[in-house]
There are 2 protein chains.
Amino acid sequence: MEERKLTVRAVERALDILICFTTDTDLGLTEISSKIGLHKSTVHRLLTTLEEKGFITRNQATEKYRLGMRVWELAANQSQEDDPAHILLPEMERLRDVLGETVSLYLQDGKERIRIQAVQSNQAIRRVAPVGMRAPLSVGASSKVLIAFAKEEVRAELLESLEWVSDEENGHYVSQLSEIQALGYATSFEEREPGAAAVSVPIYDRSHHLAAALSVSGPVSRLSMQKMKELAPMISEAAGRMGKMLK
Amino acid sequence: MEERKLTVRAVERALDILICFTTDTDLGLTEISSKIGLHKSTVHRLLTTLEEKGFITRNQATEKYRLGMRVWELAANQSQEDDPAHILLPEMERLRDVLGETVSLYLQDGKERIRIQAVQSNQAIRRVAPVGMRAPLSVGASSKVLIAFAKEEVRAELLESLEWVSDEENGHYVSQLSEIQALGYATSFEEREPGAAAVSVPIYDRSHHLAAALSVSGPVSRLSMQKMKELAPMISEAAGRMGKMLK
DNA sequence: TGTAATAGTTTCATAGAATGAAACTTAGTT
DNA sequence: AACTAAGTTTCATTCTATGAAACTATTACA
């Protein structure tokens, strides 16, 4: 039996166009149409619609398309009171000042994690962490935290959906997760970015649900395994304080 | 001859749904459908599509719809390097500290102006200025600046499109605009908000195009006409400095 | 200067996608 | 239990969205 679609194709396509602008700021019509594999005329019509509603504007100079003010406006009006990225910023800055390393805040979103807030170390050599970045949930200290401390159902689903190279690796990963659960923190050592290491701990809100992962990251030269082990309690303590500020 | 539409209706409707969330953070299906005047089933289908692409999520607790992370993500990746709201913030803070009043930055958008940045006075009685707010271009000091110092074509078009109560008023307004052009700044006295006054000056980018309107606003008790006249040169000077930082 | 190439825009016949009425599910209220 | 309200799904029909092709504007280059 062929599943009836419950979505609207034209809208899907228009949203795909918007999503193109997560990686690029300025795109031409042809560029977009080849990116999402649609005819120029179709893309043009969708762009006109997006432009009319203020979601897309054109760069005066280059004539190329870019995101319009409406996107910004919607984001500005998005609830800020209960937004961790907003509330926890001062505490993150404090932690950065104490440790001298870059501090980031991650949320799980589907099979990815997304960096919703970051404050940079002010040392010469430092981890640079752009806010808004997405990364796969399969690697990195914060990924492991987001999986290990997620609610049972969520974790099961995630482990299901993440593909593993082999069964042995799967087993190894699961045992790593229980270790993380026992310790209360996760580390990563050049897992995703060469030369970078990170410690990550869970932040729980007042109703004891996982709210985010808090990570401290820097160059391997300063963050040895031993050093991260030492820092972990301090970071956990900060995370505990932060959690009390949520919901 | 019936104009052929160059836009896509389904997409227009979906975007209208998103735009609903500029005023409210949480909305139910029925609420939305009555707001934009469409059938529940249609709205439901559009919402499902928006949800699948991450533009809408559902509030766990209330089951209501709200904006998703994608909106935030897009805004986060929006070009920040050349964004006045970002670049001018430190200078705005400095001005606020000197004058002790709320400082705002406005952009023209269609027949409206939009507050793209603001720093609040820290006095007990102060003008509160939420970022992202829209207001009609017909009233307020910054509106007058945005019109008076706009490029010739833009100004003509705006004056055309803004409706006037009477011809006399129109004449009065036009003469007011030339006065503003001569002075280099505009003021407003309880024009839009009772008890509030404001001085506004243009910010020009390096290629001498109007980039934004910079406003200082506060209670009429502190901002008399005389006082605003005194402040104007200082604000203009700050605006000049800011302009040099753009493009 | 002419010619080709490239990017963007509009037109139009046609397929099939989007639509809204209605039926159906929950869940909450009287 | 009957009623009300919000949300969800189904389905026949219509009109909308589609992509091919034509057209325009701009740039490259010979």
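Each chain gets a letter, A, B and so on, in the order its sequence line appears, and its residues count up from 1.
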What is the distance, rounded to the nearest whole Å, between atom CD of A/Glu31 and atom P of C/dT6? 15 Å
Could you check how far CG of B/Leu46 sits from P of D/dT9, rounded to whole Å? 14 Å
side-chain contact (heavy atoms from CB on, under 4.5 Å) assessment of B/Asn77 paired with A/Thr25: CA-CA 8 Å; B/Asn77 284 43; A/Thr25 58; over 6 Å; no
Among D/dT8, C/dT11, C/dT19, find the nucleotide with the atom closest to the side chain of B/Ala10. C/dT19
Using whole Å, report how far CG of B/Leu47 lies from P of C/dA18. 15 Å
Which nucleotide, C/dT9, D/dG19, C/dA17, lies nearest any side-chain atom of A/His44? C/dT9
Closest-nucleotide mapping onto DNA chain D: is B/Thr30 or B/Arg45 further toward the 5' terminus? I mean the 5' end. B/Thr30
Can you check the B/Ile32 CD1 to D/dA6 P distance for me, whole Å? 13 Å
What is the distance, rounded to the nearest whole Å, between atom CD of B/Glu63 and atom P of C/dT25? 18 Å
Go through D/dG19, C/dT9, C/dT19 for me and flag the one nearest to the A/Leu29 side chain. C/dT9
Does a side-chain N or O from B/Arg13 land closer than 4.0 Å to OP1 or OP2 of C/dT19, or not? yes
Please determine, for the side chain of A/Lys40, which listed nucleotide (D/dA17, C/dG8, C/dT19) has the closest atom? C/dG8
Do A/Leu46 and A/Arg13 have side-chain heavy atoms sitting under 4.5 Å apart? yes
Of D/dA17, C/dT19, C/dT10, the nucleotide closest to the side chain of B/Leu6 is C/dT10
Derivation and outcome, side-chain contact (heavy atoms from CB on, under 4.5 Å), residues B/Arg115 and B/Leu107: CA-CA 7 Å; B/Arg115 183 185 288 122; B/Leu107 244 51; over 6 Å; no
Whole angstrom is fine here: how far is it from OH in B/Tyr65 over to P in D/dA6? 13 Å
Winner on side-chain proximity to B/Arg58, out of C/dT10, C/dA18, D/dG7, is D/dG7
Is B/Glu12 paired with A/Lys53 through a side-chain N to carboxylate O contact shorter than 4.0 Å? no
Compare side-chain N and O positions of A/Thr42 against OP1 and OP2 of D/dT18 and report whether any pair is under 4.0 Å apart. no
Just the rounded figure in Å: distance from P of D/dT26 to NZ of A/Lys64. 16 Å
Would you please say whether a donor-acceptor pair under 3.5 Å links the side chains of B/Thr49 and A/Thr7? no
Tell me the interatomic distance from A/Glu52, atom CD, to C/dT9, atom P, rounded to whole angstroms. 14 Å
